[in-house]
Undergrad: 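Got a structure for you, written out below as structure tokens; questions coming shortly.
One-based numbering, in listed order, for ligands and for the atoms of each.
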Amino acid sequence: MIKEKQLRFQIQTKSTTYLFEVTESGHLKHYYYGPVLSEKDAENWDISSSVGWGCALLYRQDDPSSSLHTTPLEWSGSGCGDYRESPIELEDADRVLTTDFRYVSHKIYSGEEPRHFLWPRAEGAEETLEVCLSDPEIAMDLHLYWSVFDDVICRKAVLLNKGNDPRYVRKLMSFCVDFSGEYRMMNLHGDWIREAHTETAPVGYSRIVNESLTGFSSNQHNPAFAVMTEQTTEWSGDAYGFNLIYSGNHYASMARSSANLTRIMQGISPANFRFELAPGEALETPDAVMTFSAEGLNGMSRNLHEFVNNSLVPAYWRYRERPILYNSWEGCMFDFNERKLLGLAKEAKRLGCELFVLDDGWFGTRNDDTQGLGDYNVNMKKLPHGLTGLAERINKIGLQFGLWFEPEAVNENSDLYRMHPDWVLQEPGRKPLQGRNEYLLDLRMECVRDYIVKSVSDVLDSANITYVKWDMNRHSNVLGAGSMEYVLGLYDVMHRIFDPRPEILLESCASGGNRFDLGMMTISPQIWASDNTDPMERLYTQKGLSYFYPQSTMGCHVSASPHMQTMRHSEMETRANVAFFGDLGYELDLDHVTYENKKKIREQIKFYKQYQRIFQFGTFYRYDTDENHEQWQVSDGDCSFVGVFRRQVSAAPGYEKLFIYALDPEQEYHVTTRPQNVNLSTVGGSINLLSPIKINPNGPLFYVADHRIHITAASEDRTHTGRALAGGFVPVPLFAGSGYDGRQRLVGDGGSELYVIEKTGK
Ligand code: DGJ
């Protein structure tokens, strides 16, 4: 709900209130963003005047409180006494322009406002407030927007050139706001195979910047960030979440001013940005997303997850369960033929998978990553019956069929490059650089976009393909506005391919999570989170992403051990326990999986399928843990799953209890563990502490038994009320070589348990 009374605006979401007003001088003064206020409070607020002091410039000489520098604002310019960072920078042909946008009019739309540009956006806004500002001295108008979703507000800006000369936009943020108080900023940093690690820092008087300059939203700095106080935990305290519906270079900054106001802004990165705005033209920013919760970071995540699931992902895939897939990449790489693939598909089907994905290597001369990219003609040597024949055979086995593409890139050694070297994204006069032996295609060119749309569409129509993995494996080499135009071209291509085929599940990927952002999610409901599937590494990545993105958007696979990138050994059960908290898949050579591990996989898939809805769409909670532990929970209200993960075992850890929250304190719950079978090789010679006969852990008998016999571990079965479970009524016994009755955890470093908590109805 949006209300206005005497130019005081009240924006009401399900559980928050946002207040600002138009000042006498026409500027927008921010007042409040926090827990929902009573009608009376929301109407009777009074901004105490900030007094101009010292060398502050007064906006109006007759008003000592009119310094813009000491006023909390919803937008600001430069050159009029506000010395904080400005969300806008403009030039004309000769000089940098002073900017001072002031109120002219406003409008409240039911739903969304009329569109200007082409950015992807969320659907289903309840109401939208448009405030029109103008700076007549430079003949420019600025329209600001606040759109209300359940517990999210989307903001953006549209700049219009009303003059007779071109203007040059050097910077235009999607929003700017000033909060009073002291805050910390948490953001996600990383690289390839190390995506979405969290970093938290106090916001001081020097600016903190979270920015990507790689051309994409990037694995180095994800656009999402959280703002919180020192007291905020996962479960309590104030937490603000911000994000941008955009897949290119982004920018967000925070800094405290000398007057102790914290300015926050976010938008397209201004680095090297220069966009010509001809007379009569408009430039629209992508939407920024903001939310607030007084229930800590879990509350913030819940708001953002619901927003993505309800309003952002393509309509067809909202709350539609994602199939359990088998992907050929880590098992086969480029080395496969139809026989091998069909063998894998049969095995994947036997294990319970629902979708078979053929990854890289199926076309042209693509036998390694130096060649063939761009030539989407099927390699008939590998696939003699073509994709049509392969898809038919896979469907006959009982699986859906999915296919990999990397449509934005081209190898130098490809027919496409030989035919169109000029299609490569490059700056005039400079040799483009390669990354993973590839160039990017210039998606700013219409003929290139048409080519991609046609070549991908033709393949999709040639066989029964129900899933596409859209990969992209390098950073960009084009700067500023050029890279923004590339991103617009990308959205155009993807919409033209997938809008007419809404039932195809698109999983976007960029060397893993190099483009894990809300812009992609408007087209691609699922994104490959990381090429690193080592479960201990995935704890960092999936946890980091979970602050801002729901489990339904995260592709999470079980792969081989030791892991390809870390050489770390892990238990098959831990690999699954981590991958369960997302869209489950398997990615390993099934011909190399032991009979015992296949049995485990079959059980894992059976279990996941039973609760798929809760794992993919349930409410997600993180617990406040130390560096060595993670505890996650998903819940649909009646049934919860709690994953407990340990990076390293500590000897004699003492008395440990499991605390389970987010339950009804009055209700009764049955707590069990997902049965975990531990191989003999996990316990080694210690088996002799339990075995009636002595076994040589290096002998043949042990080897045979290892593949046949399992030990049950960490089994639990008890009933308590929600209040008792929140009070730590579940003990967690650790095996210490001194006794074992099936309840102890037996797995060492990297061990995990998955608890199932079901309401008994009593
Ligand atoms: C990078 C992706 O992240 C991988 O999953 C795989 O698809 C390879 N590219 C294929 O080249």
Undergrad: Would you sort out whether Phe617 and Glu321 count as a side-chain contact (heavy atoms from CB on, under 4.5 Å), showing the intermediate values?
TA: CA-CA 8 Å; Phe617 300 106; Glu321 285 166 34; 4.3 Å; yes

Undergrad: Any idea which protein heavy atom is nearest atom 3 (O) of ligand 1, and the distance to it?
TA: Asp531 OD1, 2.4 Å

Undergrad: How does Ala510 reach ligand 1, by side chain, by backbone, by both or by neither, if only non-hydrogen atoms under 4.0 Å count?
TA: neither

Undergrad: Test ring-ring contact (aromatic ring centres under 6.0 Å, His included) on Trp423 and Tyr451; report intermediate values, then the result.
TA: CA-CA 10 Å; Trp423 281 11; Tyr451 169 81; 5.4 Å; yes

Undergrad: Run the contact test for Arg436 against ligand 1 with a 4.0 Å cut-off on heavy atoms, strictly below, and give the result.
TA: yes

Undergrad: Is the shortest side-chain heavy-atom distance between Leu584 and Phe615 below 4.5 Å?
TA: no

Undergrad: Ignoring hydrogens, just give me the one of Thr533, Asn327, Asp360, Asp471 whose non-hydrogen atom is nearest atom 8 (C) of ligand 1.
TA: Asp471

Undergrad: Please check whether Gly512 reaches ligand 1 - meaning an N/O of the residue sits under 3.5 Å from an N/O of the ligand, judged on distance alone.
TA: yes

Undergrad: By number and element, which atoms of ligand 1 are closer than 4.0 Å to a non-hydrogen atom of Cys509?
TA: 2 (C), 3 (O)

Undergrad: Using a strict 4.0 Å cut-off to heavy atoms of Trp528, name the atoms of ligand 1 that fall inside it.
TA: 3 (O), 5 (O)

Undergrad: Answer yes or no for Lys469: is there a heavy-atom contact with ligand 1 below 4.0 Å?
TA: yes

Undergrad: Heavy atom under 4.0 Å from ligand 1: found in Met333's side chain, backbone, both, or neither?
TA: neither

Undergrad: Which residues satisfy the salt bridge (Lys or Arg N to Asp or Glu O under 4.0 Å) test with Asp534, sequence neighbours excluded?
TA: Arg568

Undergrad: How far apart are the closest heavy atoms of Gly215 and Val487, and which atoms are they?
TA: O-CG2, 4.1 Å

Undergrad: Mark up the atoms of ligand 1 that fall under 4.0 Å of a heavy atom belonging to Asp359, in ascending order.
TA: 6 (C), 7 (O), 10 (C)

Undergrad: Please name all residues satisfying ring pair (Phe, Tyr, Trp, His ring centres under 6.0 Å) with Trp528, sequence neighbours left out, ordered by chain then number.
TA: His557

Undergrad: Under a 3.5 Å distance rule, please check whether Gln426 uses its side chain to pair with a backbone N or O of Val424 as donor and acceptor.
TA: yes

